[in-house]
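Throughout, a chain's letter reflects where its sequence line sits, starting with A, and its residues are numbered from 1. Here the structure is a predicted model, which means the values were calculated and not measured.
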Number of protein chains: 2
Amino acid sequence: MGALRGTAGARKRVVIVGGGFGGLYAAKALAGKPVDVLLIDRNNHHVFQPLLYQVAAGGLSPGQIAAPLRHILRRASNIEVLLAEVAGFDLDGRTLRLKDGAEVAYDALIVAVGARHAYFHHDAWEAHAPGLKTLEDAIEMRRRILTAFEEAAREAILTGKAEPLTFAVIGAGPTGVELAGAIADIARRIVAGDYKAIDTRKARVLLLEGSDRVLPTFPNELSIKARRQLEELGVEVRTKALVTEVEARRIQVEGEWIPVRAALWAAGVAASPLASQLGAELDAAGRVLVQADLSLPGHSDVFVIGDLAALRDARGVAVPGMAAAAVQMGRAAAANALRHLDGEPGRAFIYKDKGSLATIGRNRAVAQIGRWRLSGLVAWLVWALVHVSLLIGFGNRVRVMGEWIWAYFKRELSAGLITGDRRQ
Amino acid sequence: MGALRGTAGARKRVVIVGGGFGGLYAAKALAGKPVDVLLIDRNNHHVFQPLLYQVAAGGLSPGQIAAPLRHILRRASNIEVLLAEVAGFDLDGRTLRLKDGAEVAYDALIVAVGARHAYFHHDAWEAHAPGLKTLEDAIEMRRRILTAFEEAAREAILTGKAEPLTFAVIGAGPTGVELAGAIADIARRIVAGDYKAIDTRKARVLLLEGSDRVLPTFPNELSIKARRQLEELGVEVRTKALVTEVEARRIQVEGEWIPVRAALWAAGVAASPLASQLGAELDAAGRVLVQADLSLPGHSDVFVIGDLAALRDARGVAVPGMAAAAVQMGRAAAANALRHLDGEPGRAFIYKDKGSLATIGRNRAVAQIGRWRLSGLVAWLVWALVHVSLLIGFGNRVRVMGEWIWAYFKRELSAGLITGDRRQ
C-alpha cells in the first residue's frame, strides 16, 4: 500500500477507526471499490458482542466469538488492517494521530470506536463491578464469577461453613438479563454437581434495575414475560432498585447494604472518550450529534457511526446502540464516503429496525421483530438462528452451534477456566 | 467433608498438591477408595501441557486443552477440590500451610506441583523470552508472536518499509521443535494471505540449541529426520548455538547479536521452588531425590511425583519429566499412600516407557515407541491419536479433533487472537 504520508496523485484513502460491527461492515462495503481502505483497531480481532455474556459465563471460549480482522478482510486487496490506537484528529489537515505519535492521512474518515461501560460519575465502582465490552472484560468477569464459587467452597472446606453465595447484576437491559440468567443457570444446573462442600443451587442471583421494569426498551408485555422467566430460573429481580454504593464485598441498594461475592455492571454505556477529540457537540451520553447522512457537522469527509453516534434518522427514529444499527450505519457511511470522494452529496440514513432479542437462561428468550412478539423456547430458537448466522466465519458458526447443542445435553461449563489475575 | 483442622476419628485424608498429570491421576486412582481426598491447585483447571504450544501458536483455544478439575472429578464423592496456593509444609505435624495462612492437615500427602521454566541464573531473560508451562504463558506467547507480525505490518504501512521479521526459539527439545515448526507454518502458510503490507513468508524462524542435535533425548536417527523436516518447513536450525544474552529486541548467540521481534524460551525447566520446602535433598535441577517407592526420605507418608521428583526406578531407569511418567507415578503414589495408611510398606515404582513424540509443523512428526521409530505423516497420525485419546473430556476430544481436521483444509488461525497486555 505504501507510505501514508500523503495522498496527492494516489488513489483516495478511506480510513476507518474501529473494527466492531460499524467499522467492519463499512470496510466490507468498500471491498473492491476504487479506494484504498485502512482499518485501524487497537485489538487485532472483531468481537461478536452479543455473545460476550456467554464467554463471561464460561459457556463459550473467546476464540469462538471473535476472529482476526485481517483474516476476515483478507480477500479484499484494497483493504489493509493496522493494529494501533488512535489518540486524536486534525480534521482540517485531514490526518489522525496514533498513540505512538505517527500520523495517518485520509481523504475520508469513518469513526466507529464504540462505547465503554459508564458508571455515572462513580468511576471507583469499576474496580468492584466490571462491565462487559471486550474479550478481556468477559475473561475477567468469568474469573470473578467462577472465583466466587471457589471461594465459597474454600471457606466451607477449611472452616466447615461458608457465607452465603450472592451475585449481583446491576442493570436489567439485555446484557444484564442475559448475564443474570446465565449465572443462575450455572449455579442451579451446570456446576451443581461439581461442588461437594457447598450447594451452589442455594446461590442468590440478584438482578437490580433502577427503572420500573426489566428490558425497559422492550414492549411492556415482553418485560413481564422476561421477568417471569428470570424468576423461574431463580433470579431475584428487583426493579426501582437503584444502586447507590459499590464496594469490594457489598453493595448498597435503596439504602440497604447487601453482601455480595461478585457484582457485575450492565447498567450503562457511554461513548468512547475519543468522541471529545472530534470537536463536535455531544449528547448526555457523550455521543456525537451527527448530520442526517452520518457526517460530522462542518466536515463532510468525516463520518461517525455505531455507539459513538447520536442520531434521529430521516424519519425521526432514534437509532439505538445495537449491533444491527451499527451494521446499517457502517454500510451507509461507506456509501456516503464514496459519494463524497466523487463530489456528490451524502444521503440521509434510514434505520430499519430488525427487532430486539434477549435470552433468559439456556432455552428461553424474548424477541420483538417488527410487530411480532415472541417468548419462550420459540424466541430462543429465533435468537440462536439469528446470532449464529451473524457470526463472522463459517468455522465459528459451526463451533458455536456445536457448543450449544453439546451444552443442551451435557452439564459442563465448556470454557469454565479461571485465567488471568491471580489474587490469592 | 467438614473442617480440616483434625483427622482423629474421621476417615483418613489424602491431600494432593497439584492438578497436573501426576496429581490428577493420583486423585483418579483414589476415587471410590475408603479415604477422603483433597486436591489443591492454584488454578481451577487441568491443562493438557503437550498441546500448550498449539495455544501459543493460535491454533487451539485455551478451553480446548483444559478442563476444570472439579468437573473432571465430580463423580468421585470422596474427592474435593480446593483452589489455593500452598506455601509450605510441617511434615512432623502433618500439615501444610496455604498462602493465606490457613492450615490443612493430612494423613498422607502427595506433592505434584511440577516444574517451571528455568533460565540458568539469567532470570532477567524471562521478561524478554517467555516460557511455556501454563495457559497464561501460552496466551502471552501467542500475544508476542502475533504482535510481532502486526508490528512489522504497522512499520510497512506507516513508513513504507519494515525491519526483517525474525523469531527465535531457544531450546530444541520437543517443546522448542514443536513451537518452531508451528511458527514457521503460521508465517509460510496460515497467515500469508492475511497481510498485504508485508510478506510473512520471508519471516525467519530460528531454532537455537546448545547441544549438538535437536531433540537430544531422542535417538539420533530421529534427531536427523526432525532437523530435515524442520528445515523443509523453513526453520533455520542452529545446533551448538548457545544463547549468551537475551534482550528485548535482540539476542546474542555464540557471540553474534541477532535482532529478533520475539524470542521464546524452551531451553530448560526446573522444579517448583516448593521443593525446597520439603527439606529433602535436591538434584541440580531442583528436583526432590525420592525413595524407590516415591516417598520422601524419612517420611513414608509423603510422596513426591512428576516433574518435581528425581528418581532412577527399580531397574535403574531415569524417569523423564514427561506426562506419561507423571501419570504412572501418580497412580503408584496413590497406591503406596493407601498401603501406608493400611500400615503396609510401599512398593518400588517401575517406569514403563511409552515412547516419545514430537510434531513438526501440521502433518509431520517423529516418534519413538519402544523399538519402533516413526517419522513423517505416519508419526503425526500416531501423535494425533495418542494426544486426542489422552485429552481429558470427550467434549474436548471432539473439539480438538474437529479443529485439526478443519485446520488441515482451511488457512486460518482459529484462535489467533491477541488478548491481555496492551502495550502500544
Side-chain angles (χ1 to χ4, degrees), chain A residues 1-4 38 42-45 61-64 66-68 70-71 74 77 79-85 98-100 102 104 135-136 139 146-147 150-151 153-154 156-160 191 193-197 393 395 398-399 402 406 410 412-420 422 424, chain B residues 1-4 38 42-45 61-64 66-68 70-71 74 77 79-85 98-100 102 104 135-136 139 146-147 150-151 153-154 156-160 191 193-197 393 395 398-399 402 406 410 412-420 422 424:
Chain A
M1 174 178 281
L4 294 189
L38 183 68
R42 56 186 180 177
N43 286 312
N44 78 325
H45 51 268
S61 270
Q64 288 167 318
R70 59 175 65 261
H71 185 70
R74 67 192 178 284
S77 54
I79 302 180
E80 176 58 280
V81 175
L82 174 64
L83 181 70
E85 190 163 352
L98 302 179
K99 207 168 168 190
D100 63 11
V104 174
L135 277 183
E136 276 99 350
I139 291 164
L146 298 182
T147 300
E150 290 289 346
E151 282 179 356
R154 171 165 27 178
I157 292 170
L158 295 179
T159 69
V191 301
D194 292 356
Y195 287 83
K196 287 112 182 179
V398 171
R399 288 182 194 98
W406 182 257
K410 296 274 290 178
E412 86 187 14
L413 216 50
S414 316
L417 312 179
I418 298 176
T419 58
R422 184 177 294 133
Q424 290 190 0
Chain B
M1 175 177 282
L4 296 188
L38 183 68
R42 56 185 180 176
N43 286 312
N44 77 326
H45 51 268
S61 271
Q64 290 167 317
R70 60 174 65 259
H71 185 67
R74 68 194 178 283
S77 54
I79 301 180
E80 176 59 280
V81 175
L82 175 65
L83 181 70
E85 190 164 351
L98 302 179
K99 206 170 171 189
D100 63 11
V104 175
L135 277 183
E136 277 98 348
I139 291 165
L146 298 182
T147 299
E150 289 290 345
E151 281 178 357
R154 169 160 34 175
I157 292 171
L158 294 180
T159 70
V191 300
D194 291 357
Y195 287 83
K196 287 114 183 176
V398 172
R399 288 184 193 98
W406 182 256
K410 296 273 291 179
E412 88 187 13
L413 215 50
S414 315
L417 311 180
I418 298 176
T419 58
R422 184 176 295 133
Q424 289 190 359

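- In terms of heavy atoms, Gly416(A) sits closest to Pro68(B) at O-CG, 3.5 Å.
- Residue Leu417(A) touches chain B through both its backbone and its side chain, counting heavy-atom pairs closer than 4.5 Å.
- If you measure heavy-atom distances from Val81(A) to chain B, the contacts under 4.5 Å come from the backbone alone.
- Closest approach of Arg74(A) and Asp194(B) over heavy atoms only: CD-OD1, 3.2 Å.
- Residues Arg399(A) and Glu412(B) are paired through a salt bridge, judged by an N-O separation under 4.0 Å between the basic side chain and the carboxylate.
- In this structure, chain B has a heavy atom under 4.5 Å from the side chain of Ala153(A), while its backbone stays farther away.
- Not counting sequence neighbours, the partners of Ile139(A) by the side-chain contact (heavy atoms from CB on, under 4.5 Å) test are Pro62(A), Arg142(A), Thr419(A).
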